[in-house]
Amino acid sequence: MNKLLLPLTEVKGIGEDSAALLTQIGLVTIRDLLEYYPFRYEDYTLKDISEVKHGERVTIEGRVHSEPSLSYYGHKKSRLMFRLFVGSHLVSAVCFNQAYLKNKISINQAVTITGKWDQGRAMITVNELRLTNNVSQAFVPVYSTRGDLTAKGIKRFISLAYKQYKDYIEETLPQELLQRYKLLNKKDAIRAVHFPNTQEEVKQVRRRIVYEEFLLFQLKMQALRKYEREQSKGAQHSYDEDQLDAFKDALPFPLTNAQNRVLQEILNDMKSPYHMSRLLQGDVGSGKTVVAAICMYASVLSGNQGALMVPTEILAEQHFSSLTDLLLPFGIKLALLTSSTKTRERRETLQQLVSGEIDIIIGTHSLIQDEVNFKNLGLVITDEQHRFGVEQRRVLRQKGGNPDVLFMTATPIPRTLAITAFGEMDVSVIDELPAGRKKIETYWAKHHMLDRVLSFIEKELTQGKQAYVICPLIEESDKLDVQNALDVHATLTQYYRGKYEIGLLHGRMNSAEKDDVMRRFEKNEVHVLVSTTVVEVGVNVPNATVMLIYDAERFGLAQLHQLRGRVGRGQDQSYCILLADPKTEIGQERMRIMTETNDGFIVSEKDLELRGPGDFFGKKQSGVPEFKMADVVHDYRALETARHDATLLIQSEAFWKDSEFEALRLEVIQSGALEGEKFD
Ligand code: ADP
Ligand code: MG
């Protein structure tokens, strides 16, 4: 029996009451307590005062140079001042409300003080003062506390537990991994995490603990994935390869290498008896739609039906028309189902889905309603899946039998998040744009430059090109001072009067009106489309070469990148202009990032840095687990490494048998990953 799994009351010095306090912060066993890590360290290492920056917290040693003077002010408040030599610098020290120190400090006395450095006045506001030159512990851990548990208390309990039980600490990681990454062993790590001696030790401890946390997490995720693959039977597609090749050959362009690669990954899943649950990521314009079309066709060739679900009606219609172009010549019957499908048509469509007459259905979330049933649904693809809630995704997966599911997203999910939040899914990435695409030139303009921007756009219009103009909100809001689409539409209509047609698209229009203006924009009858963000996802008008975004600072980075992706879809040089006067640093930083990179993955990594993982998907559905010490953003390299190692371990026989791996194995088994249960 592992002694560390005993309850906290086994520790001499921790009674029932103390144990109850510790339980309140989730600590039950001795091991829990030993693995209760500090969230930071106070740095008491000595600094050279000439290198300390203004406002920084420092610890310095010095000799008292002047008799301390004590003064009182306010109600029983005191201020004690003295000067000391720190090396060759004369520094002032001030201690508030510690009058008792007056008698302890004498000239020439050696002191070590910790406090905040005021460079202008060469003064330290003292938090702590010690009368030796011996800094006892250079790094003091700081633990989070709650309720009646004090910082002192938690330190004392950890210290007691450590002294009595340190010999029972067992290694969790196999020797091979410890050696490969030169990691501290578990005993040293537990000692050093609570009682570090040097900065270097703090660093080493972090490395070890972060790796262990990630490895364990990845092992659980992958065990779950392995379980799901092996236990759940999905559709097993089998189709005639020649027929599929004929379809690929008929495409107006050759697939990129990346498209071919992900296609193979997806088709392999579809052919296998396992249930596919795959995330397909690809930057805007990387050509996901055609990959989807090929997979759908493969599903139909196998005698199944396919469904494509998208977040907006406009997008549904666009996909419907582009997929019809590609698939109709091959005798495939497609249908469209959205909330504006007429009742009679809708009834007919539903009936034909059940009879199997319809091969492929494209629609909005109307597709997941109860009354939508299929004869033989084999493949479900969702586009821009991050727009759907977790729940909607689940319903879809359960629709009719157990269809293979492919989630497509153009908001590149930073890899760190993809492998944490979607760790139980397989991930394919199209990391290459079709040849001949030009980099979209992105400019940041202030509002007062609007005239120049509009005449720039006019130059493009004269050459027969088109432009999008995006506005954040549709209604005037004094408070937010946001330019509304109606206003902008009026301004541009005035500006380009008699020369160009300006269209308007926003969420308050009914779908017939939206359709109409989109269609006219596609036909180049409307030259400038003023729109709210409804065009954000997926719209494809290759002749549009300018994207102007009003109040760009109001958009997140990922969204700006998404909007920018509406242009640069043809052979011509395209432009994105961000009209913004950002007031915050972060706002300015966003504009800079946009002008500097076209790579969606870099944009999303930066977005993640600026916003943090919790905010990336929106709090509720983030699905990003919490780690004690590891940080998915900053420790992403360790996460990658751990993921790789976990993959190999899960596949190896040794992991499931050898005693070397017992500790890790037990953790995985106890997490429930092998029964397919979700764990946190
Ligand atoms: P997204 O990944 O953003 O959904 P789309 O599928 O809409 O991208 O593709 C963007 C454009 O690129 C479309 O006009 C499409 O026809 C074209 N396209 C896709 N694949 C290729 C390719 N391999 N070569 C050239 N053009 C391609
Ligand atoms: Mg798309």
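We count ligands from 1, going down the list as the structure has it; atoms in each ligand are counted the same way.
The pair Asp572-Lys465 meets the salt-bridge criterion, since a charged nitrogen lies less than 4.0 angstrom from a carboxylate oxygen.
The Leu255 neighbourhood of ligand 1 comprises atoms 23 (N), with distances under 4.0 Å to a heavy atom of that residue. Taking every heavy atom of Thr256 and a limit of under 4.0 angstrom, the matching atoms of ligand 1 come to 23 (N).
Looking at Phe253 next to ligand 1, no N or O pair under 3.5 Å apart turns up. The N/O atoms of Gly282, backbone and side chain alike, include none that comes under 3.5 Å of an N/O atom in ligand 1.
With respect to Leu350, the side-chain contact (heavy atoms from CB on, under 4.5 Å) criterion is satisfied by exactly one of Val372, Asn373, Ile358: Val372. Checked against Tyr468 for a ring-ring contact (aromatic ring centres under 6.0 Å, His included), the options Phe521, Tyr575, Tyr550 give a single hit: Phe521.
With a 4.0 Å cut-off on non-hydrogen atoms, Pro254 touches ligand 1 through its backbone and not its side chain. Heavy atoms of Thr289 found under 4.0 angstrom from ligand 1 belong to the backbone as well as the side chain.
Sparse packing is recorded around NZ of Lys446, with 12 or fewer heavy atoms of other residues, nucleotides or ligands lying under 6.0 Å away.
At least one heavy atom of Ser286 sits less than 4.0 Å from an atom of ligand 1. Under a 4.0 angstrom heavy-atom cut-off, Gly570 registers as lying outside contact with ligand 1. Within the 4.0 Å heavy-atom shell around ligand 1 one finds Gly285.
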With side-chain contact (heavy atoms from CB on, under 4.5 Å) as the criterion, how do Val530 and Leu492 come out once you've worked through the C-alpha distance, each side chain's angles and the decisive distance to 0.1 Å?
CA-CA 9 Å; Val530 175; Leu492 297 193; 3.8 Å; yes
Passes side-chain contact (heavy atoms from CB on, under 4.5 Å), Val427 versus Arg278? Steps please.
CA-CA 6 Å; Val427 180; Arg278 188 172 277 279; 5.9 Å; no
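The two residues Pro273 and Gln236 have their closest heavy-atom pair at CB-OE1, 3.7 Å.
When the options Gln571, Arg437, Arg569 are ranked by their closest heavy atom to atom 17 (C) of ligand 1, first place goes to Arg437.
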